[in-house]
Amino acid sequence: MKPERKLAETNTREGARLGLYEHDGSYAIRLDGQTLMHSAISASELLLGELAVKELTDQSPSCVLIGGLGLGFSLKSVLAKTAPTSVIHVAELIPQVMEWNREFLAAVNGTLVDVPRVTIFIDDVWNVLARSAQGFYDAIVIDIDNGPAAMVQKPNFRLYHEHGIRLMLAALKPGGRAVIWSAAWDDAFANRLSAAGFRIAAIPAKLYPNAKRCGCTLYVADKPLK
């Protein structure tokens with residue numbers, strides 16, 4: 001059996017250890033030893049991006065914001081499903097994650113960070129949303145932390161509460177869509193989305209294609225045209 005290798009490690013702002021690991025051609029990012037994302041378990045991230053831009057494939061140009069780079073699977077699906085003239089913004093709080101994609105993850109999705117129509121902001125997606133013009137984005141993809149039950153950075157909780165949801169709503173064009181990854185079904189979060197004015201659907205998603213059961217929930221939140 002091939003040994004697991006720790007390729008890189010950094011500390012979060014709150015002092016937790018975030019590491020990149022490789023084993024037999026697969027890669028994982030772990031927080032204090034707990035796996036946050038794994039290259040062999042990417043089905044939900046691919047679906048996340050696909051759902052967000054489902055209505056945009058015939059539109060040109062479009063602008064999409066992805067909150068959280070991770071291993072790049074949501075970025076991969078957004079690039080694949082949007083027009084060549086579309087613009088993709090990615091907000092990644094931890095600069096080492098982008099560096100790891102370039103240095104270690106070319107065989108996964110690392111080369112995508114240098115696609116000309118992709119811009120990476122080393123910033124909190126909260127700040128990117130707050131400074132964006134009203135109605136700027138056609139679609140928003142949020143895969144931050146562990147969803148509404150944030151565990152990596154405590155400030156991430158605010159993104160999933162009333163003010164953060166209002167930022168998403170304001171940043172979207174009328175008729176735009178936000179899709180949010182959540183590790184678990186969260187009725188309170190769904191209610192907050194609805195109360196803000198989104199039309200929502202909660203879609204159970206598998207973590208990998210042959211999984212017997214769904215392991216997370218994707219919240220599809222559509223902004224009304226009026």
Side-chain angles (χ1 to χ4, degrees), residues 10-19 28-38 41 44-45 48-49 51-52 64-71 73-75 89-98 120-132 134 136-137 139-172 176-205 207 214-223:
T10 190
N11 290 326
T12 69
R13 292 177 181 179
E14 297 189 340
R17 290 178 294 107
L18 191 72
I29 293 179
R30 295 188 184 135
L31 178 76
D32 285 340
Q34 182 173 348
T35 299
L36 293 178
M37 56 202 77
H38 197 289
I41 308 174
S44 65
E45 287 91 343
L48 183 74
L51 287 172
V64 180
L65 172 62
I66 300 175
L69 173 61
L71 297 175
F73 286 100
S74 294
L75 175 58
H89 293 169
V90 181
E92 173 54 56
L93 180 62
I94 301 172
Q96 289 82 2
V97 171
M98 184 180 70
I120 311 286
F121 299 113
I122 301 301
D123 202 350
D124 193 321
V125 68
W126 176 281
N127 297 331
V128 177
L129 287 167
R131 66 174 177 254
S132 70
Q134 188 162 350
F136 186 78
Y137 290 107
I140 296 172
V141 178
I142 298 292
D143 188 4
I144 297 291
D145 215 318
N146 217 30
M151 58 179 277
V152 178
Q153 301 276 350
K154 288 182 180 178
N156 288 333
F157 280 110
R158 63 183 179 168
L159 185 62
Y160 301 100
H161 286 77
E162 286 80 4
H163 191 181
I165 291 170
R166 288 197 299 270
L167 285 177
M168 290 185 227
L169 188 71
L172 279 171
R177 168 175 288 184
V179 185
I180 302 103
W181 192 97
S182 178
W185 190 279
D186 192 320
D187 285 333
F189 177 59
N191 291 338
R192 290 194 294 272
L193 288 169
S194 293
F198 280 112
R199 297 192 306 268
I200 70 161
I203 300 177
L207 297 178
C214 294
C216 64
T217 301
L218 307 182
Y219 287 94
V220 178
D222 291 319
K223 181 176 180 176

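- Closest approach of I144 to Y160, counting heavy atoms only: O-OH, 2.7 Å.
- Taking Q96 as the reference, T10, I94, E99, W100 meet the side-chain contact (heavy atoms from CB on, under 4.5 Å) condition, with sequence neighbours excluded.
- For the pair M98/F121, no side-chain contact is recorded, criterion being any heavy-atom separation below 4.5 Å from C-beta on.
- Here the shortest heavy-atom pairing between G49 and V141 reads CA-CG2, 4.4 Å.
- Between D124 and R158 there is a salt bridge, with a side-chain nitrogen of the basic residue lying less than 4.0 Å from a carboxylate oxygen of the acidic one.
- Residues satisfying the side-chain hydrogen bond (donor to acceptor under 3.5 Å, both in side chains) test with D222, not counting sequence neighbours, are R177.
- I203 has its side chain out of reach of T217: every pair of non-hydrogen atoms, C-beta onward, lies at least 4.5 Å apart.
- L48 approaches S74 most closely through the heavy-atom pair CD2-OG, 3.5 Å.
- For the pair S182/F189, no side-chain contact is recorded, criterion being any heavy-atom separation below 4.5 Å from C-beta on.
- Although no hydrogens or angles enter the test, the distance criterion places no donor-acceptor pair under 3.5 Å between the side chain of T35 and the main chain of M37.
- Note on residues 178-194: no pairs pass salt bridge (Lys or Arg N to Asp or Glu O under 4.0 Å), not counting sequence neighbours.
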*R13 and L93: CA distance, side-chain angles, deciding distance, side chain to side chain contact (heavy atoms under 4.5 Å, CB included) verdict*: CA-CA 10 Å; R13 292 177 181 179; L93 180 62; 3.3 Å; yes
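- A distance of 6.5 Å separates CD1 in I142 from CD1 in I140, rounded to the nearest 0.5 Å.
- Residues L193 and I165 are in side-chain contact: their nearest non-hydrogen atoms beyond the backbone lie under 4.5 Å apart.
- For the atom pair CG of L129 and CG of L159, the computed distance is 7.0 Å after rounding to the nearest 0.5 Å.
- Annotation: side chain of L167 is in contact with side chain of W126 (closest heavy-atom distance under 4.5 Å).
- Between A178 and L172, the shortest heavy-atom distance links the atoms N-CD1, 3.8 Å.
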*Given W181 and L218, is the side chain to side chain contact (heavy atoms under 4.5 Å, CB included) satisfied, shown in steps?*
CA-CA 5 Å; W181 192 97; L218 307 182; 3.4 Å; yes
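- Annotation for L207 and G215: closest pair CG-CA, 4.0 Å, computed over non-hydrogen atoms.
- Considering CD1 of I180 and CG of L51, their distance stands at 11.5 Å, rounded to 0.5 Å.
- Remark: side-chain polar atoms of D32 are paired, donor with acceptor, to backbone N or O of R17 under 3.5 angstrom.
- No side-chain donor-acceptor contact under 3.5 Å links E92 to the backbone of G68.
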*For side chain to side chain contact (heavy atoms under 4.5 Å, CB included), just list the numbers for N11 and L18, CA-CA rounded to whole Å, side-chain angles, deciding distance to a tenth of an Å, and then say yes or no.*
CA-CA 6 Å; N11 290 326; L18 191 72; over 6 Å; no
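- Using modelled atom types, one side-chain atom of K223 and one backbone atom of L169 make a donor-acceptor pair closer than 3.5 Å.
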*For D143 and E45, what are the C-alpha separation, side-chain angles and deciding distance, and is it a side chain to side chain contact (heavy atoms under 4.5 Å, CB included)?*
CA-CA 8 Å; D143 188 4; E45 287 91 343; 3.5 Å; yes
*For salt bridge (Lys or Arg N to Asp or Glu O under 4.0 Å), just list the numbers for R131 and D123, CA-CA rounded to whole Å, side-chain angles, deciding distance to a tenth of an Å, and then say yes or no.*
CA-CA 12 Å; R131 66 174 177 254; D123 202 350; 2.8 Å; yes
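- Using a 4.5 Å heavy-atom threshold, the side chains of I122 and I120 count as touching.
- S132 and A171 make their closest contact through OG-CB, 3.4 Å (heavy atoms, listed as atom of the first residue, atom of the second, distance).
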